[in-house]
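Accompanying notes for the structure given below.
Just so we're clear, the structure is a prediction, and the values are computed from it rather than from any experiment. Chain naming here is simple, since letters A, B, ... match the order of the sequence lines and numbering starts at 1 in each.
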Amino acid sequence: MAAEDQSQTSQSDLPYVLILKPPPSFVLFGDHFFHSPNFQYLKAYESPLPLPHFLHTHARSVQALLSSGGAPVTADTIRLLPRLGLVVTTSQGLNHIDLSECRRRGIAVAGAGTIFSADCADSAVGLLIDVLRKISAANRYVKQGLWSSQGIYPLGYKLGGKHVGIVGLGSIGTEVAKRLEPFGCSISYNSRSKKPLVPYTFYPNVVELAANCDALIICCALTDETHHLISKEALLALGKDGVIINIARGPIIDEKELVHCLVKGEIRGAGLDVFEHEPDVPVELFALDNVVMSPHNAVFTRESFDDLCKLVVGNLEAFFSNEPLLTPVALDDLPHFSGRKD
Amino acid sequence: MESIGVLMACPMNSYLEQQLEKRFKLYRFWTVPDKSSFLASHKDSIQAVVGNAGAGADAELIEALPKLEIVASFSVGLDKIDLAKCKEKGIRVTNTPDVLTEDVADLAIGLMLAVLRKLCESDRYVRSGKWKRGDYVLTTKFTGKKVGIIGLGRIGMAIAKRAEAFSCPISYYSRTEKPEIKYKYYPSVVELAAHCDILVVACPLTKETHHIINREVIDAMGPKGVLINIGRGPHVDEPELVSALVERRLGGAGLDVFENEPYVPEELFGLDNVVLLPHVGSGTVETRQAMADLVIGNLEAHFQKKPLLTPVV
């Protein structure tokens, strides 16, 4: 667009991108990072009107919506937006979007693609090493001055040679496997379907996978099928020497059972970035040295944040100029997503 | 062999103590109230010393034990043993290479992830209840960061192999360039430090490598640089490191070793970009057992006049 045209285009001519609730990145770092001269944000959360009223009054012409994990895009919301053509999410997960309704209405969805895969995989490996080698617990020990007063720290467990089971061998699961191979780990996995060209052992169900490995790493999406996929049975199959790492979604693990197993020593330890009812975390875990926790921040690095800003703006600009989306989500062959908030 | 006296320099592993007691007459040096009179009265019965990273066999001890035939170290590092004196007196020396390589390399990567991704601080954040009030800060991505390794021996190579899986470009400093290695070589530690994001110390401690991490190197690393030390405390000029971290002239550090273990500079305790570990590089159940078996195996081989398993001298 030529400079003269740009100066004549007033703010009100720019297409709107609706935001129901600000994504964590907006809140933490400021929405100016997501600015574009080609569209403007319509912030429902800055209006005193109740949402359905707001949408009816201001959003009927909105074509695009920016979502995040904490702002579910339900069928009801979609119905109030007759001109909606695109949902962009800042999150890796898609479980907060009613994808079936989007497909029905011909609404495109743009996700994070693979921009977060490396960071998620790094988190998973970091948590696994931390749990086995007691890094966070030993760091606490030293920083409390206990090494000089109480002496030798208890031994950890070797990572090399361990059997690692990956639940969900998508982009993130594959990056985890790739990283763990040079550590001497043998990799196996469970996924919706066996992947023909992959050198890892496939197990048809999660309990069998758990029974045959020393560490389970959860890398799958939260869907109706994967809710509480890691049940008491899977945890007991994982066993007293087993460790579980979750960088996916809290509800994939039956948290009550997990806490029980950890407290009773039915499993060796856990590394958890996600929980069933964030930001609430079961208090029983705070007393345990064999648990390492993080506040759902596996993707929150400066580098991924920069990539996210470019990606969100890029997808929205592509949509408004009728160009192909950068990271479209395929809406055929969907698992069941009821648009449940994660 | 029950009459052979073995002097254990300090507590290191109860399985090792048990196994030594079964086979030899074990003396626990740290339980002795007067070390010099003990040595005077037992000098003719002690034929072996078992040491570790903390205590070994210096010239004084070697001179005090005329019947000493072998020093078996429960470590791969030999900096606590006067190797020259052992050579001079025909005393054999063994260590525990290879069995601990993987654990030490794993810990180095674990420290890199813990420092860059603030794993320990994130855990602390959740445990404090602060998550209910807001999200934690942005951390630094590990994948793709440039890793510089000082010392490309067994442990250095194992660290490189692991870091490569995270797409980290690898560079190194070594006493001599290794032409068969595909990683970028820098002829000085300062140059290596200036060209990497994360600098790892993985070389043996010798007179030459004492304080190999000094003010000049720390300056070259810069305010975003991260130091990982899984070597020996004296590799680093510790007061210089502490002031660089406190003054934020260095980006962060993951330290498993210190100049005066178990004393760690308290100024480091409150820093959220520093991870401190109590010398646990080889500290796993599996590896300590393998190390103990190697110490026992070397001692048995020596006293049965068979070839040593892992001789150094």
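- A:F26 and A:F34 have their aromatic ring centers within a separation under 6.0 angstrom.
- Heavy-atom pairs under 4.5 Å with chain B were tallied for A:A121, A:A138, A:P24; the largest tally goes to A:A138.
- Atom OG1 of residue B:T287 and atom OH of residue A:Y157 lie 13.0 Å apart, to the nearest 0.5 angstrom.
- A:F33 and A:F305 have their aromatic ring centers within a separation under 6.0 angstrom.
- Judged by distance alone, the side chain of A:D214 and the main-chain N or O of A:G242 form no donor-acceptor pair under 3.5 Å.
- Proximity to chain A (any heavy atom under 4.5 Å) is restricted, for B:S167, to the side chain, taken from C-beta onward.
- When heavy atoms are compared at a cutoff of 4.5 Å, B:L138 approaches chain A by way of both its backbone and its side chain.
- Only the side chain of A:L28 comes within less than 4.5 Å of a heavy atom of chain B; its backbone N, CA, C and O stay farther away.
- By number of non-hydrogen pairs under 4.5 angstrom with chain A, the leading residue of B:D123, B:V285, B:V137 is B:D123.
- Considering every non-hydrogen atom in both A:S186 and A:G161, the closest pair reads OG-O, 4.5 Å.
- The residue among A:V299, A:L132, A:L288 with the most heavy atom pairs within less than 4.5 Å of chain B is A:L288.
- Interface residue B:R117: only side-chain heavy atoms are found under 4.5 Å from chain A.
- Heavy-atom pairs under 4.5 Å with chain A peak, among B:E164, B:E286, B:R288, at B:E286.
- Heavy-atom neighbours of A:F286 CZ from other residues, nucleotides or ligands within 6.0 Å: above the threshold of 12.
- Atom NZ of A:K43 has more than 12 heavy atoms from other residues, nucleotides or ligands within 6.0 Å.
- Of the two parts of B:E121, only the side chain, counted from C-beta on, holds a non-hydrogen atom closer than 4.5 Å to a non-hydrogen atom of chain A.
- Contact annotation for A:S149: neither backbone nor side-chain heavy atoms come within less than 4.5 Å of a heavy atom of chain B.
- More than 12 heavy atoms of other residues, nucleotides or ligands lie within 6.0 Å of CD in B:E247, so this atom counts as buried by the packing criterion.
- Both the backbone and the side chain of B:F142 come within contact range of chain A, each with at least one heavy atom under 4.5 Å from a heavy atom of that chain.
- For chain A, the nearby part of B:V264 is the side chain; its heavy atoms alone come within less than 4.5 Å.
- For A:V125, the parts sitting under 4.5 Å from any heavy atom of chain B are the backbone and the side chain alike.
- Enclosure of atom CZ in A:R140 by more than 12 non-hydrogen atoms of other residues, nucleotides or ligands within 6.0 angstrom is indicated.
- Heavy atoms closer than 4.5 Å to chain A are found nowhere in B:L100, neither backbone nor side chain.
- Comparing B:L111, B:T140, B:D256 by how many heavy-atom pairs each has under 4.5 Å with chain A, the most go to B:T140.
- For A:V292, the parts lying near chain B are the backbone and the side chain together; criterion is any non-hydrogen pair under 4.5 Å.
- B:Y136 and B:Y125 have tilted rings, their planes meeting at an angle from 30° to 60° on a 0 to 90° scale.
- Of the possible polar contacts, none joining the A:S171 side chain to the A:T114 backbone as a donor-acceptor pair under 3.5 Å is found.
- Heavy-atom distances place the side chain of A:I129, and not its backbone, under 4.5 Å from chain B.
- In this structure, the portions of A:I135 lying under 4.5 Å from any heavy atom of chain B include both its backbone and its side chain.
- B:V76 and B:R154 get closest at one heavy-atom pair: CG2-NH2, 4.1 Å.
- Both tests hold for B:R162 against A:F183: distance to the six-membered ring centre under 6.0 Å, angle to the ring axis within 45°.
- Neither the backbone nor the side chain of B:L116 has a heavy atom closer than 4.5 Å to any heavy atom of chain A.
- Listed options B:P11, B:G281, B:A105 were ranked by heavy-atom pairs under 4.5 angstrom with chain A; first place goes to B:G281.
- Contact annotation for A:L285: only backbone heavy atoms (N, CA, C, O) come within less than 4.5 Å of a heavy atom of chain B.
- Both the backbone and the side chain of A:D122 have a heavy atom closer than 4.5 Å to some heavy atom of chain B.
- Crowding of A:K256 atom NZ: a count of heavy atoms from other residues, nucleotides or ligands under 6.0 Å not exceeding 12.
- Counting heavy-atom pairs under 4.5 Å between each of A:A137, A:S148, A:G184, A:G126 and chain B puts A:S148 at the top.
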